Amino acid sequence: MSLAVTSPPPPPQGYQISDLAPAGAFSDAERAAVYRAIETRRDVRNEFSARPVPDDVLRRILAAAHAAPSVGLMQPWNFILVRDPRTRGRVHEAFTLRNAEAADRFEGARGDHYRSLKLEGILTAPLNICVTCDRDRGGPQVLGRTHQRDTDLYSAVCAVQNLWLAARAEGIGVGWVSIFDPEDLKPLLGVPERAVVVAYLCVGYVDELFVRPELEARHWARRSPLDDVVFEERWGERPAQAE
Ligand SMILES: Cc1cc2c(cc1C)N(C[C@H](O)[C@H](O)[C@H](O)COP(=O)(O)O)c1[nH]c(=O)[nH]c(=O)c1N2
């Protein structure tokens, strides 16, 4: 009897027919719903109702975030659900310190205008979600990240946007608060050294939303026209106007 040494079979590399589905456009109503979510999504700071977000709704929103694209399918995110008022109180203190520093960077009337803006709903929203990026997930080599190390961070931001849009469809507002030193938040939320705090989100039901960005409605900044930001072939080259 020969005892031939056999190497293990190579891992499968193909896919199954059942892995594919038709890629046709959505129905008119479905398409309208997607664009409506995108166009009416707003950053919410002030108008949260205390009504809790039910677990099944929260699960759908988190599943939408978790379905985001990610470099090499790295899925580098975690979602820390922050509900404890004591923790949120500490997060709010961290915000207050950094917000005062930020306000001082704007001079004169601009500084007064800044101080008049409410820029977070940490204590008034019933739920806060911290989105992190674990920079070591997927090991040292991740497909697509070799020459662009920050693509893991970009992936986590894609998850935030998915969450934001799904929340809009559920009637839930989201406000992104970045007026922190992220290192202040890490010990409060137990975020390990290797991970980055990407977003701190205030989440809750809202009865009304601004129809345009609140910062525009409050005369802080203006939304730019689409044509100002579209170039053709090279930076600065404007597309030819359609006849
Ligand atoms: C990365 C990042 C960080 C922040 C924000 C957004 C993003 C993408 N935004 C919200 C921002 O002001 C808002 O998105 C724009 O003004 C546009 O308004 P709408 O989102 O369309 O309502 C925001 N808003 C705020 O009041 N406090 C903040 O700290 C931040 N930080």
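Everything numeric here is computed off the predicted structure, so don't read it as measured data. First listed ligand is number 1; within each ligand, the first listed atom is number 1.
- Closer than 4.0 Å to atom 15 (C) of ligand 1 lies none of the heavy atoms of the protein.
- A distance of 6.0 Å or more separates the ring centres of Y205 and F48.
- In the vicinity of L215, heavy-atom distances shorter than 4.0 Å reach the ligand 1 atoms 12 (O), 16 (O).
- A salt bridge is absent between D84 and R90: the closest approach of a Lys/Arg side-chain nitrogen to an acidic carboxylate oxygen does not fall below 4.0 angstrom.
- Considering only non-hydrogen protein atoms, atom 27 (N) of ligand 1 sits nearest to L119 O, 3.0 Å.
- When hydrogens are left out, the protein atom nearest atom 21 (O) of ligand 1 is R42 NH2, 2.8 Å; that is the closest non-hydrogen contact.
- Of all protein heavy atoms, the one lying nearest to atom 29 (O) of ligand 1 is S178 N, 2.8 Å.
- Checking side-chain atoms of K186 against main-chain N and O of V196 turns up no donor-acceptor pair under 3.5 Å.
- In terms of protein heavy-atom proximity, atom 24 (N) of ligand 1 is nearest to D43 OD2, 3.1 Å.
- In the displayed structure, D56 atom CG is contacted under 6.0 Å by more than 12 heavy atoms of other residues, nucleotides or ligands.
- The distance from the CD1 atom of I129 to the CZ atom of F79 is 8.0 Å, given to the nearest 0.5 Å.
- Of the polar atoms of W176, at least one N or O is found under 3.5 Å from an N or O of ligand 1, judged by distance alone.
- Residues T96 and E93 bring no donor and acceptor atom of their side chains to less than 3.5 Å of each other.
- Salt bridge present: R98 and E101 bring a charged side-chain N and a carboxylate O closer than 4.0 Å.
- Of all the atoms in ligand 1, the ones that sit under 4.0 Å from a non-hydrogen atom of V177 are 28 (C), 29 (O).
- Taking any N or O of E214, backbone or side chain, none lies under 3.5 Å from an N or O belonging to ligand 1.
- Residue R41 places a heavy atom less than 4.0 Å from ligand 1.
- Proximity of R45 to ligand 1 is established by a heavy-atom distance of less than 4.0 Å.
- By the 6.0 Å and 45° rule, R137 does not stack over the aromatic ring of W77.
- For atom 18 (O) of ligand 1, the closest heavy atom belonging to the protein is P213 CB, 3.4 Å.
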